[in-house]
Amino acid sequence: CEQALYRSISLPRHPRRSIRLLETFLLRPDLALLVRHLEIDLSWRRPGPFPPGQVPSALQPDGLEALSLAKNIKSLSLDGTWIWKPEMAEFRETIFNMKLVQLEVPLISDPDVLPECIYQRVLNEDSDGEENWDGESGSLGGDLGNKICRLLQAQPLLGELKLTDPEISHTTKQSLQENLQVTDVPSLKSLQADPYVAMAFLRVAPRLESLNLMLASWDDALLSKMETNSAAIKFSIRRFTIRVKYSSGEDQWFWKNITKVFSLFPNIEQLAVTVNAFTRKEETEPARYYFQMV
């Protein structure tokens, strides 16, 4: 029974339960070895809602020892400030040493898009207010695109990647475009990301067959870039998922050019279109109108 319970653990948005889980790993390392899929919430590391007195001393400062006991993890979902924060270097190494097949990073908190007040708060969550310079660029967060590449280089078996944070900066996207190489993603078959992030992978992931594009405002420029970057694998994509908005204002472009978008990948066998229904405009057509267009 324990083997079944611990094989797949999903605790998103449950920081207190995540604390208890990591405590269990320390007390029962044998149970930690059973885990294959892990999704936990590390927000307890932040001051405020979870002052140090409420977090067991054995887990301070970031639960690294407990997490390192789960040596057989193949699938991981974890918000990603650990990717770029200088003081999280040891935590990164623990992730790098895993042999992951699936990785999801729902939230990166890209330092290049965070307002200054929030950036300083995130930066100081674990550093007691001390600034940490990592020597890679002009920002304390360093070159995030390069850090993502280094993460991928440590995971040659990675077949599925989800970078679902909608707030990734142009600087980071450009860095990925410039630095990501074929050797960084030799096994990648499935990708979920913003279209501009995805383009960096389309050029260098010859085994990619499943593409899930996050919400974006489509236009001629984006279509042209997608055509250029996906040329090498356009016939390889078999499963295509796209999220779009109701037709209003700038979003009308997609619905007028839907055929052009779908023709990016002519060998699609499975197609999924998610229409974002959050709108207050009374004149907007009902959802069934758009599905008929698809």
Side chains of residues 203-216: which donor-acceptor partners sit under 3.5 Å, not counting sequence neighbours?
from, atom 1, to, atom 2, distance (Å)
Arg203, NH2, Gln177, O, 2.6
Glu209, OE2, Arg239, NH2, 3.4
Asn212, OD1, Arg243, NH1, 2.6

Report all side-chain donor-acceptor pairs from residues 165-172 shorter than 3.5 Å, counting only partners two or more places apart or in another chain.
from, atom 1, to, atom 2, distance (Å)
Asp165, OD1, Glu167, N, 2.8
Asp165, OD2, Ile108, N, 2.8
Asp165, OD2, Ser109, N, 3.3
Ser169, OG, Asp110, OD2, 3.0
Ser169, OG, Thr172, N, 3.1
Ser169, OG, Thr172, OG1, 3.1
Thr172, OG1, Asp110, OD2, 2.7

Do any side-chain atoms of residues 185-202 form donor-acceptor pairs under 3.5 angstrom with protein atoms, and if so which ones, sequence neighbours left out?
from, atom 1, to, atom 2, distance (Å)
Ser187, OG, Pro156, O, 2.7
Asp194, OD1, Tyr196, N, 2.6
Asp194, OD1, Val197, N, 3.3

Under 3.5 Å, sequence neighbours excluded: what are the donor-acceptor pairs made by side chains of residues 94-101?
from, atom 1, to, atom 2, distance (Å)
Thr94, OG1, Glu90, O, 3.3
Asn97, ND2, Glu93, O, 3.1

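Shortest non-hydrogen contact noted between Phe25 and Ala70 is CE1-CB, 4.2 Å. Across all non-hydrogen atoms, the minimal contact from Arg13 to Asp41 is CA-OD2, 3.1 Å. Nearest heavy-atom pair, Arg92 versus Trp84, reported as atom, atom and distance to 0.1 Å: NH1-C, 3.7 Å. Closest heavy-atom contact between Thr164 and Pro106: OG1-CA, 3.2 Å.
Residues Phe91 and Lys85 are not in side-chain contact: their nearest non-hydrogen atoms beyond the backbone lie 4.5 Å or more apart. Side-chain atoms of Glu23 and Arg20, non-hydrogen and from C-beta on, do get closer than 4.5 Å to each other.
For the atom pair CG (Leu158) and CG (Leu151), the distance works out to 8.0 Å, reported to the nearest 0.5 Å. Separating the CD1 atom in Ile40 from the CG atom in Leu76 is a distance of 7.5 Å, to the nearest 0.5 Å. Remark: Thr274 OG1 to Ile242 CD1 distance equals 9.5 Å, nearest 0.5 Å. Rounding to the nearest 0.5 Å places CG of Leu264 at 5.5 Å from CG of Leu223. Expressed to the nearest 0.5 Å, how far CD of Glu39 lies from OG of Ser18 amounts to 9.0 Å. To the nearest 0.5 angstrom, Asn257 atom CG is 11.5 Å from Leu222 atom CG.
Among residues two or more places apart in sequence or in another chain, the side-chain contact (heavy atoms from CB on, under 4.5 Å) test is passed with Asn267 by Phe235, Arg238.
Although no hydrogens or angles enter the test, the distance criterion places no donor-acceptor pair under 3.5 Å between the side chain of Ser224 and the main chain of Asp220.
A single hydrophobic cluster is not seen to contain both Leu21 and Leu27; linkage of ILVMFWY side chains at heavy-atom distances under 4.5 Å, directly or through other members, places them apart. No continuous path of hydrophobic side-chain contacts links Leu38 to Leu157 [ILVMFWY only; heavy atoms under 4.5 Å]. Hydrophobic clustering, with ILVMFWY side chains joined whenever heavy atoms are under 4.5 angstrom apart, keeps Leu33 apart from Leu5.
For the residue pair His37 / Ser75, a side-chain donor-acceptor distance below 3.5 Å is found, with atom types taken as modelled.
Applying the side chain to side chain donor-acceptor pair (under 3.5 Å) definition to pairs two or more places apart or across chains, those involving residues 152-163 are Gln102-Glu160, Gln153-Asp184.
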